[in-house]
Participant: 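Dropping a structure here in structure tokens format, bear with me for questions.
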2 protein chains.
Amino acid sequence: MSSSPERVTIKDVAARAGVSKGAVSLAFNHKPGVSEATRERIFAVARELGWAPSATARSLSSRRVDIVGLALCRPARLLGLEPFYMDFISGIESVLAERSCSLLLRLVRDLDEEIALYKEWWRGRMIAGAILVDFRQDDPRVPSLQGLGMPAVAVGHPSLTGPFPAVWTDDASAVTEAVRYLAALGHRRIARVGGPHDLGHSAIRARAFADTVQELGLEEARQIGTGFDEKEGARATRTLLLAADRPTAIVYDNDIMAVAGAGVAAEMGLTVPDDLSLLAWDDSQLCRITHPTLSAMSHDVHHFGAEVARVLFDVVAGTHTGGHQVPTPSLIPRGSTAPAPGAGPS
Amino acid sequence: MSSSPERVTIKDVAARAGVSKGAVSLAFNHKPGVSEATRERIFAVARELGWAPSATARSLSSRRVDIVGLALCRPARLLGLEPFYMDFISGIESVLAERSCSLLLRLVRDLDEEIALYKEWWRGRMIAGAILVDFRQDDPRVPSLQGLGMPAVAVGHPSLTGPFPAVWTDDASAVTEAVRYLAALGHRRIARVGGPHDLGHSAIRARAFADTVQELGLEEARQIGTGFDEKEGARATRTLLLAADRPTAIVYDNDIMAVAGAGVAAEMGLTVPDDLSLLAWDDSQLCRITHPTLSAMSHDVHHFGAEVARVLFDVVAGTHTGGHQVPTPSLIPRGSTAPAPGAGPS
DNA sequence: AGCCGGCAGTTAACCGGTAAAGCTCAGATT
DNA sequence: AATCTGAGCTTTACCGGTTAACTGCCGGCT
């Protein structure tokens, strides 16, 4: 009710409890040095006055903060569209919330801005640690941030993340499994619609894809790198399907592009899965509600995010024991994959 | 490269530039009191040393912060599933990023925790302002937070948000339009699957729905309140369709439940839209990729989020000029709505 | 000459905590 | 009796900025 926002500080609590600021601080941080009786009196006064320590002030003098930072270098629009992010973030949040931590989120335009932001956040004691995502090959964040001493966990394959503890899925194995599966269905021309070339996990998948295709003696594979959104997924699919020797199966790097691809197939008069098999990645709900449903390389993105947050807490606490690999995406066959046209049942 | 993280502070910059801390502060805040020459020298030194003011320290002494807070009182899982949130958040971020602001995000279990959190954030100068969502009727946040003097924008109808500047969509008109549309198609038994009863906008929609049904002389309408997720949407749909006088059209409060509802209809052997019309809300991509595509009350959630952020900046700056209504959701007819079974084309 | 005004800076207090060092005094030790 | 100990606080110095008040100095006006 009081419209005058006089802030109550530790000094008020101390005065009212008849002790010094220091005693209040000790009491609230559960450190020895105050008697049980005094501690309780202090807590009672604090409750009465509605006081809780100011996180800002605390982080200035001590080093404790209850915030972790996440900068995303992607266009805002895409963020809202792709199910992956929110699921990932919700996984992070589920762990943070348990420990009364918040997530500081910011969109940046490029990696330089991202580097500057993390430096600022860390220097200013804004965050206890950071989550780094979307690693490139020779990512500039590795040299720029590694000297900082900032606790961080990197989402990506250890070959990309430098000295940062990594949490990753074994994309190479998953790609291999995907290609093997399609090959077993008789497909000999398999294409792949991936993310941007410079993105580390895209490159890893591309290499694994090419290797597996060669290993199985399939026809030379076409791979297209895109920007992850539906428009680019559709465009890439169109390109692939218009080629003289169009593929009989396409693997996508996320689910949104696969859905778009299904649309393109329909628009071009191709029946999925009879004329064309499609295999999505990430496997959000999207895959289950299309018609036909989309087969996908599925992994639990929510859990992935949670694991990332858990590792970050370990790193911050200094109890980190090494990189974590979360389960490899596994194939969920649904309605969008079938034996290749003309091929007998394998 | 230096593994010793000696933080460079304003003092270092001052010393190196041969001036006092105060001068550096003045220069960096573009306040009068330093000559152009000195200002430039200070900036040069700052760049050389890689210094930028610490947001934490600044927010302690002055009142400036570049963070806005958002607490969400929903289960983490749902966050990842429902497209609405991420789209909304991405809209917010798109505006924040323009102004080098970050979003402080936290999941809470209940409104008491949310209230405590906002108090803590505000008291501790953690945030410049807050975004309040999911208003209940007689929302406890109104009395608890209004005395704080914390700049905030409320996402919800002004009848719910007390003294907080509101940004909202005209749900009542949208519901009316939806019911009128279905009635015009000949539907006389229309049901609604809404959100939780205690959620303000659910109540508003429920009332508008009942009113319009009565006004048009339709049969008494069945409405079910749920928890917004797919399981509950499916369950509610099943309940409605198993009733003796099952509806010929159902309106949903979001898209996820509508999609689930379509699944249930199929499972029960009903053809959409011939036997049953479905109308979704929010209209994310989900609605466009199902089969049949879902008609929806569509609004631009991304833009909604952006508008909320813009209003918040106005409120923080003290230049706020009144609540903002963003465009009313409008009907996008797609493949899931058709004339009622037995009814001639209207 | 004396005074005023304003620019360009400096000083010092303060924001709200934490943490190390210091103080006091009761009870145990020698 | 003198000294040591440790529990229980208080004092004080930060953390890294901002800001109000103050100082010095130069030029212009009366």
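Lettering of chains follows the sequences in order, A, B, ..., and the numbering in each one begins at 1. Since the model is a prediction, treat every value here as computed from it, not as a measurement.
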Participant: Taking any heavy-atom pair under 4.0 Å as a contact, classify S20(B): base, sugar-phosphate, or nothing.
Facilitator: base
Participant: Within residues 23-43 of chain B, which residues have any heavy atom lying less than 4.0 Å from an atom of DNA chain D?
Facilitator: S25(B), N29(B), K31(B)
Participant: Could you check whether any side-chain N or O of T56(B) sits under 3.5 Å from a backbone N or O of G124(A), counting only pairs where one atom can act as donor and the other as acceptor?
Facilitator: yes
Participant: Quick check against the 3.5 Å criterion: does W168(A) have a side-chain atom that pairs as donor or acceptor with the backbone of V326(A)?
Facilitator: no
Participant: Any chance you could lay out the salt bridge (charged side-chain N to carboxylate O under 4.0 Å, His left out) test for R77(B) and D300(A), step after step, and finish with the verdict?
Facilitator: CA-CA 12 Å; R77(B) 271 283 171 194; D300(A) 188 340; 3.8 Å; yes
Participant: Using a 3.5 Å distance criterion without hydrogens, assess whether the side chain of D139(A) forms a donor-acceptor pair with backbone atoms of R141(A).
Facilitator: yes
Participant: Among the candidates dG16(C), dT18(D), dT18(C), find the nucleotide nearest to the side-chain atoms of R125(B).
Facilitator: dG16(C)
Participant: To the nearest Å, give me how far apart CZ (R123(A)) and P (dG16(D)) are.
Facilitator: 8 Å
Participant: Look only at the side chain of S62(B) and the backbone of R58(B), and say whether a donor-acceptor pair between them is shorter than 3.5 Å.
Facilitator: yes
Participant: Indicate whether OP1 or OP2 belonging to dG17(D) is found under 4.0 Å from a side-chain N or O atom of W51(B).
Facilitator: yes
Participant: Compare the minimum distances between each of dG17(C), dG17(D), dT19(D) and the side chain of S62(B), then state the nucleotide with the smallest one.
Facilitator: dT19(D)
Participant: Checking the side chain of R16(A) only, and the main-chain atoms of V45(A) only, is there a donor and an acceptor separated by less than 3.5 Å?
Facilitator: no
Participant: Please round to 10 degrees the angle between the axis of the first five pairs and the axis of the last five pairs in the helix from dA1(C)-dT30(D) to dT30(C)-dA1(D).
Facilitator: 70°
Participant: In plain terms, say whether E36(B) and R39(B) are close enough for a salt bridge, that is, a side-chain N and a carboxylate O under 4.0 Å apart.
Facilitator: yes
Participant: Looking only at the side chain of I10(A) (C-beta and beyond, no hydrogens), which of the listed nucleotides dT10(D), dT18(D), dG17(C) gets closest?
Facilitator: dG17(C)
Participant: Donor-acceptor pair, R136(A) side chain versus L199(A) backbone, under 3.5 Å?
Facilitator: no
